[in-house]
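These notes are about the structure you will find just below.
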Amino acid sequence: VAMCASSTVSNLNFREGTTRIADDFVCDNHENVTSLTLPSSLRYIGHDALNGLGITTLTIPEGIEYIGGLAGSNATKINYNAISSKIEVEEGICGACQKVVIGKKVQRIPACFAEYGGELTIVDFEGRDASAPKVTIGERAFYKCKNLKRFNGFQYVDSIGKYAFAYTGFSSITLGTNLREIGYSAF
């Protein structure tokens with residue numbers, strides 16, 4: 001199933017029980033779709049699956065295990081809640097994304113998470129406190145996010161992978177006391 005024909009749909013809601021959204025699910029421009037609901041049962045979002053929607057915020061559910069490249073490339077904000085230790089991301093999940101909010105239960109920001117996210121300026125850990133789990137940042141997670149200037153959460157990070165923040169826009173950073181490992185050319 002694909003969403004190809006022009007339509008007046010403004011809300012796209014996937015029912016609970018849906019586990020997979022295919023590659024290129026949205027194959028035309030559907031900027032009139034401004035509301036998207038993804039179920040907690042969702043495990044797979046294919047490559048370019050939601051590209052072309054008019055959504056401004058993409059909320060990634062806790063159980064997700066795979067996100068294809070540019071899956072939500074039109075969204076300007078991503079709420080990332082995935083808690084699976086197996087999650088894989090292909091080549092960054094957004095192109096237009098300006099802000100990423102990391103959920104309270106997240107323990108791992110996967111490799112290539114926002115790779116080449118040219119518009120990304122801020123990553124926030126909203127609502128997280130000292131009792132929350134520590135976070136591992138994967139290899140190339142924010143690689144070449146040249147406009148990334150604020151990462152409000154280094155105090156929650158215990159490991160940073162190779163090239164995780166290489167070629168970003170930081171002018172200064174303060175790493176947290178929980179940090180135990182920094183990969184090659186992390187910054």
Side-chain angles (χ1 to χ4, degrees), residues 38 45 47-51 53 55-62 64-187:
L38 300 177
I45 301 173
H47 181 81
D48 273 339
L50 305 172
N51 191 12
L53 298 179
I55 58 173
T56 55
T57 301
L58 174 61
T59 299
I60 305 294
E62 287 185 4
I64 203 79
E65 294 176 356
Y66 178 86
I67 304 171
L70 300 175
S73 62
N74 290 354
T76 55
K77 178 181 177 188
I78 292 182
N79 294 319
Y80 181 73
N81 298 302
I83 58 173
S84 172
S85 62
K86 305 184 290 186
I87 188 162
E88 294 179 44
V89 174
E90 174 196 332
E91 301 173 6
I93 62 175
C94 65
C97 183
Q98 298 167 8
K99 181 177 183 179
V100 171
V101 177
I102 305 298
K104 294 177 188 179
K105 297 180 185 176
V106 172
Q107 296 181 37
R108 183 171 162 258
I109 299 172
C112 306
F113 177 74
E115 184 178 34
Y116 302 106
E119 303 299 318
L120 184 61
T121 59
I122 184 169
V123 175
D124 261 335
F125 286 71
E126 293 177 354
R128 196 177 268 261
D129 61 26
S131 67
K134 301 306 175 235
V135 177
T136 296
I137 299 174
E139 294 180 12
R140 301 173 66 102
F142 298 98
Y143 181 77
K144 290 195 176 182
C145 291
K146 63 184 179 208
N147 292 314
L148 180 58
K149 302 206 183 326
R150 287 186 18 215
F151 188 92
N152 301 330
F154 278 119
Q155 69 270 30
Y156 305 116
V157 174
D158 68 354
S159 176
I160 300 173
K162 296 187 299 188
Y163 302 103
F165 293 98
Y167 305 103
T168 55
F170 293 118
S171 58
S172 71
I173 56 169
T174 302
L175 299 174
T177 57
N178 292 307
L179 189 63
R180 58 179 175 70
E181 182 179 345
I182 301 176
Y184 178 80
S185 292
F187 292 93

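Heavy-atom basis, side chains included; hydrogens, waters and symmetry copies ignored. All figures in this text were calculated on a predicted structure; none of them were measured in a lab.
Between the side chains of Thr59 and Asn81, not a single donor N or O lies within less than 3.5 Å of an accepting N or O.
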Original post:
Checking side-chain contact (heavy atoms from CB on, under 4.5 Å) for the pair Ser159/Arg180: CA distance, chi angles, key distance, verdict?
Top reply: CA-CA 6 Å; Ser159 176; Arg180 58 179 175 70; 4.2 Å; yes
Original post:
After noting the C-alpha distance and the side-chain angles of Asp124 and Asn152, does the key distance pass the side chain to side chain donor-acceptor pair (under 3.5 Å) rule?
Top reply: CA-CA 5 Å; Asp124 261 335; Asn152 301 330; 2.6 Å; yes
**OP:** Determine, stepwise, if the pair Asn79 / Ile60 fulfils side-chain contact (heavy atoms from CB on, under 4.5 Å).
**Re:** CA-CA 6 Å; Asn79 294 319; Ile60 305 294; over 6 Å; no
Subject >> Evaluation steps, side-chain contact (heavy atoms from CB on, under 4.5 Å), between Thr57 and Ile78 >> reply: CA-CA 6 Å; Thr57 301; Ile78 292 182; over 6 Å; no
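Contact check for Leu148 versus Thr121: no side-chain heavy atoms found under the 4.5 Å cut-off. At a threshold of 4.5 Å between non-hydrogen side-chain atoms, the residues Leu175 and Phe187 count as touching. Looking only at side-chain heavy atoms (C-beta outward), Ile87 and Tyr80 come within less than 4.5 Å of each other. For the pair Leu120/Val100, a side-chain contact is recorded, criterion being any heavy-atom separation below 4.5 Å from C-beta on. Within the 4.5 Å cutoff, the side chain of Ile109 has no heavy atoms near those of the Thr136 side chain. When side chains are defined from C-beta on, Leu70 does not count as touching Ile93, because their heavy atoms never get closer than 4.5 Å. Between Leu58 and Leu38 the shortest side-chain heavy-atom distance falls below 4.5 Å.
Of all heavy-atom pairs spanning Tyr66 and Glu90, the tightest one is OH-OE1, 2.5 Å. What you find for Ala166 and Ser185 is that their closest heavy atoms are CB-O, 3.7 Å. In terms of heavy-atom proximity, Ile182 sits nearest to Ala186 at CG2-CB, 3.5 Å. The two atoms that bring Pro133 and Lys105 nearest to each other are CG-O, 3.9 Å, heavy atoms only. Here the closest non-hydrogen pair linking Pro110 and Ala141 is O-CB, 3.7 Å.
Taking OG from Ser131 and NZ from Lys104, the interatomic distance works out to 9.5 Å, rounded to the nearest 0.5 Å. Between atom NZ of residue Lys99 and atom NZ of residue Lys77 there is a gap of 5.0 Å, rounded to the nearest 0.5 Å. Atom CD1 of Ile83 is separated from atom CD of Gln107 by 8.0 Å, given to the nearest 0.5 angstrom. For the atom pair Tyr163 OH and Cys112 SG, the distance stands at 13.0 Å (nearest 0.5 Å). Rounded to the nearest 0.5 Å, atoms CZ (Arg108) and OG (Ser84) are 7.5 Å apart. Interatomic distance, OH of Tyr143 versus CD of Glu115, reported as 7.5 Å (0.5 Å rounding).
Arg128 places a side-chain N or O within donor-acceptor distance of the main-chain N or O of Val106, the cut-off being under 3.5 Å.
Legend: residues meeting ring-ring contact (aromatic ring centres under 6.0 Å, His included) with Phe151, ordered by chain and number and at least two apart, are Phe125, Phe142, Phe154, Phe165.
Annotation: Lys149, atom NZ; neighbour count of heavy atoms from other residues, nucleotides and ligands within 6.0 Å is above 12. For Lys134, the NZ atom sits in a packed shell: over 12 heavy atoms of surrounding residues, nucleotides or ligands are nearer than 6.0 Å.
A cation-pi arrangement, defined by a distance under 6.0 Å to the six-membered ring centre and an angle within 45 degrees of its axis, is present between Lys144 and Tyr167.
A salt bridge does not link Lys146 to Glu119: none of the charged side-chain nitrogens sits closer than 4.0 Å to a carboxylate oxygen.
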